[in-house]
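Take a look at the structure set out below.
Here is the naming used below: chain letters follow the sequence lines, and residue numbers restart at 1 for every chain.
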2 protein chains.
Amino acid sequence: MEPTIKDVAQRAKVSTATVSRVLNGQHWVAEQTKAAVLQAVQELNYKPNAVARSLMNAQTKTLAILFPNVSDMFSGTVLSGIEDAAHERGFSVIVCKTGGGHDRTLSYLQLLAEKRVDGIIFASEVLREEYSSFVQQVRIPLVVLSGESVQPEIPTIRCNDHQAAYAATSYLIGQGHEHIGMLYGGAHETPEQNGRLTGFHEAHRDHGLVVVPEHVLCLEGFAFKDGQAGGARLLHQAKGLTAIFASSDELALGVMSAAYARGIQVPSDLSVMGFDDLPLAEMSIPPLTTVRQPLYGMGRRAATMLLDHIQDIKKLEGHAVFPTTIIERKSVRRL
Amino acid sequence: MEPTIKDVAQRAKVSTATVSRVLNGQHWVAEQTKAAVLQAVQELNYKPNAVARSLMNAQTKTLAILFPNVSDMFSGTVLSGIEDAAHERGFSVIVCKTGGGHDRTLSYLQLLAEKRVDGIIFASEVLREEYSSFVQQVRIPLVVLSGESVQPEIPTIRCNDHQAAYAATSYLIGQGHEHIGMLYGGAHETPEQNGRLTGFHEAHRDHGLVVVPEHVLCLEGFAFKDGQAGGARLLHQAKGLTAIFASSDELALGVMSAAYARGIQVPSDLSVMGFDDLPLAEMSIPPLTTVRQPLYGMGRRAATMLLDHIQDIKKLEGHAVFPTTIIERKSVRRL
DNA sequence: CTGAAAGCGCTTACAG
DNA sequence: CTGAAAGCGCTTACAG
């Protein structure tokens, strides 16, 4: 069996209370006793049992993150930021893949509640009322990352989608494009809620351009396949397009793939612009011009907000909105 | 405060032992009492405290996975498999990003030991003697995934790299290529240990071809940047190459990017073949011909091996080697 | 500075 | 079928 604090105490000829004190290093302990304890710890190769400790101080030092999917680079980059921030403060992170499924999401929430995680980050799905009330009821701090929270009192980390799409569209228009197609994912929202779509429209309006309804397509998701299918449809039904703005990088790559399949050259025949700036944006040929969301930083921030709250440094509230930048690469041509 | 088992017992007018029994459902409990308990659970909205439970049965129902990096698709796909398998059996998974760093790896191992995780999956790094002896000493079941374990007694999940590279190279040769370059990542191993390299060589030998030393390049890592730099060097120093075999998909995309930058067309001027078959392999232009490793399945298997051991279904031992397949897409041209 | 004791929220023999 | 009691491995007032 693993040695316990009792074994250490015995060997060091002190009480378990003292061992605990030197290990947690708050109270004063005489140098001598301290040394004796440390030596016993060494000799026995004692590792404190964090679960017993958690039971006492009602803190598990673990955060959980819920993703619809975990194998795309979006999740990966966000997770990377979360993980770094958590690790710096001695926390672990549990990742949960909900598949966007209702039941699975709920079953995770139940599990996390039982495991008494100290905080939850809900990423990239709609935070249904049912979820948030569950979490509220078990009193676990919650932050929504880059998804729509229906309730304004729940802290949120995001970019200003509307503004970002406005800037991207204006950029395209500035490059001389007047016939721009749009592909957006988000079957869960109404068009008015979709900032990337409204930004697209407003930019047109402000530049005295009209959006042809057939030029914009609402897709199921944000994945490559969606972009491929959507791109093909758009290329077919909307002749005369000189550019397509896709609301994710994967979608944009899908469009490029669809164009490639029909012998349409990017950017000479068609300009393509993405959204996110995932690592794959610079791997594509031609490298993708896109809107950068600081995903790593957003992940860090989500974790930090939770951690600051847990460690009583700062109240959990407010909405962090991150700035977005246009990354010019090679997929957009100046007309 | 959250209701405890005591509150439930009181309200249902039974002992905590009984509550525990109905919640864990082993012993017989009279239907009546059972109903009363369940109702109390409902009314109080009681959620069992998993940490207290863990303390009793010395099981945390959590697995940990160590990756050097978490934002690439390799990790993402593997993680996806692990997560699914774990979730099906009621386990959670903690992910740790070591950055390949020695100290950070050790600090994670220490943390995981204290948290008493039930199993560890070590992915894609060299399992140093120091790590494995640490883990052995704290008696946490360990599986190495797709990395080199120095010690044969530690269970391992992998593909047969040598055989896969042999097949890939033979495929290229079969397509009429005789001047093939090779890019491999793995500064940590000797060339003889690198199966992908030895397979490349053996295929040449068996086909009566010689490998020109300048045609093969050892890179620091497996990332896009490495491939870009390596590809550029190779294209520069090795004239007359008709194909390049890269030991990862990212590396292959890097090569394609380097080729593109010099106006070399893939596959008409140069064929490129990758390794892994990550999602991005089919997103590239042209879509990448590559060697498929069943990463998702390998992740599942790693978790399942651990879980079977933990739940006493099967002893933890042996090495699972997964089959590899060549996925023909558009980046290789028949000469 | 240090120890005895209670308690965190469960589970599990042991009786009955 | 059910309860009283001990115990899992820690931490933390409370005394001294």
Side-chain angles (χ1 to χ4, degrees), chain A residues 1-38 40-41 44-62 90 111 113-118 138-139, chain B residues 1-38 40-41 44-62 90 111-118 138-140:
Chain A
M1 282 285 69
E2 305 288 297
T4 73
I5 199 174
K6 239 175 174 168
D7 301 316
V8 176
Q10 248 159 20
R11 178 173 267 255
K13 301 198 200 329
V14 297
S15 70
T16 61
T18 298
V19 175
S20 176
R21 284 184 196 111
V22 351
L23 258 26
N24 297 297
Q26 40 254 46
H27 288 254
W28 268 150
V29 178
E31 277 308 322
Q32 261 193 53
T33 18
K34 188 170 169 181
V37 168
L38 257 18
V41 166
L44 294 175
N45 220 296
Y46 168 70
K47 314 249 182 291
N49 183 327
V51 359
R53 187 177 282 172
S54 290
L55 189 55
M56 276 306 305
N57 38 230
Q59 234 201 60
T60 52
K61 291 204 169 243
T62 111
L111 191 68
E114 298 190 356
K115 287 217 170 166
R116 303 294 196 259
V117 300
D118 300 323
V138 296
R139 291 196 174 68
Chain B
M1 281 286 69
E2 305 289 297
T4 74
I5 199 175
K6 239 176 174 166
D7 301 316
V8 176
Q10 248 160 19
R11 178 174 267 256
K13 300 197 202 325
V14 297
S15 71
T16 61
T18 299
V19 176
S20 176
R21 285 186 195 109
V22 350
L23 258 26
N24 296 298
Q26 40 255 43
H27 289 254
W28 269 150
V29 178
E31 277 307 323
Q32 261 192 53
T33 20
K34 187 170 169 180
V37 168
L38 257 17
V41 166
L44 294 175
N45 221 296
Y46 168 69
K47 314 249 181 294
N49 184 326
V51 359
R53 187 177 282 173
S54 290
L55 189 56
M56 277 306 305
N57 39 231
Q59 234 202 60
T60 51
K61 292 205 169 242
T62 111
L111 191 67
L112 296 174
E114 297 191 357
K115 288 217 169 167
R116 303 296 197 256
V117 300
D118 301 323
V138 296
R139 291 196 174 67
I140 302 182

What is the separation between atom [atom1] on [X] and atom [atom2] on [N], rounded to the nearest whole Å?
X: B/D7; N: C/dC10; atom1: CG; atom2: C1'; result: 13 Å
X: A/W28; N: C/dG3; atom1: CH2; atom2: P; result: 18 Å
X: B/K6; N: C/dT11; atom1: NZ; atom2: P; result: 15 Å
X: A/L55; N: C/dC8; atom1: CG; atom2: C1'; result: 4 Å
X: B/E2; N: C/dC10; atom1: CD; atom2: C1'; result: 15 Å
X: A/N49; N: D/dG9; atom1: CG; atom2: C1'; result: 6 Å
X: B/I5; N: D/dA5; atom1: CD1; atom2: P; result: 17 Å
X: B/K61; N: C/dC10; atom1: NZ; atom2: C1'; result: 15 Å

Rounded to the nearest 0.5 Å, how far apart are CG of A/N24 and CG of A/N57? 8.5 Å
What's the separation between atom CD in B/Q10 and atom CD1 in B/I5, rounded to the nearest 0.5 Å? 12.0 Å
First encountered from the 5' end of DNA chain D, between B/K34 and A/L23: B/K34
How about A/K34: does its NZ atom have over 12 heavy atoms from other parts shown lying under 6.0 Å from it? no
According to salt bridge (charged side-chain N to carboxylate O under 4.0 Å, His left out), who are the partners of B/E2, at least two apart in sequence or on a separate chain? A/R139
List for me each residue that meets salt bridge (charged side-chain N to carboxylate O under 4.0 Å, His left out) alongside B/R116, sequence neighbours excluded, and say none if there are none. none
For C/dC14 and C/dC10, measure between their P atoms and round to the nearest Å. 24 Å
Students often get this wrong, so: under 4.0 angstrom with heavy atoms, is A/T33 touching a base, only sugar-phosphate, or nothing? sugar-phosphate
For a quick check of understanding: with a heavy-atom distance under 4.0 Å over all strands, which category does B/V14 fall into, base, sugar-phosphate or nothing? sugar-phosphate
Should A/S15 be listed as having a side-chain N or O under 4.0 Å from OP1 or OP2 of C/dG3? yes
Report yes if some heavy atom in the side chain of B/R53 is under 4.5 Å from a heavy atom in the side chain of B/P48; otherwise report no. yes
Step by step, work out the side chain to side chain donor-acceptor pair (under 3.5 Å) result for B/N45 and B/K47. CA-CA 7 Å; B/N45 221 296; B/K47 314 249 181 294; 2.6 Å; yes
When you look for runs of 3 or more Watson-Crick or G-U pairs in a row, both distances below 3.5 Å, which of them include DNA chain C? C:1-3 with D:14-16, C:5-12 with D:5-12, C:14-16 with D:1-3
Residues two or more places apart in sequence or in another chain: which of them pass side-chain contact (heavy atoms from CB on, under 4.5 Å) with B/T62? A/K115, B/T60, B/S92, B/I94, B/V117
Under the side-chain contact (heavy atoms from CB on, under 4.5 Å) test, residues paired with B/A35 that sit two or more places apart: none
Give each protein N/O atom lying under 3.5 Å from an N/O atom of nucleotides 12-16 of chain C, with the pair distance.
from: C/dA13; atom 1: N6; to: B/R21; atom 2: NH2; distance (Å): 3.1

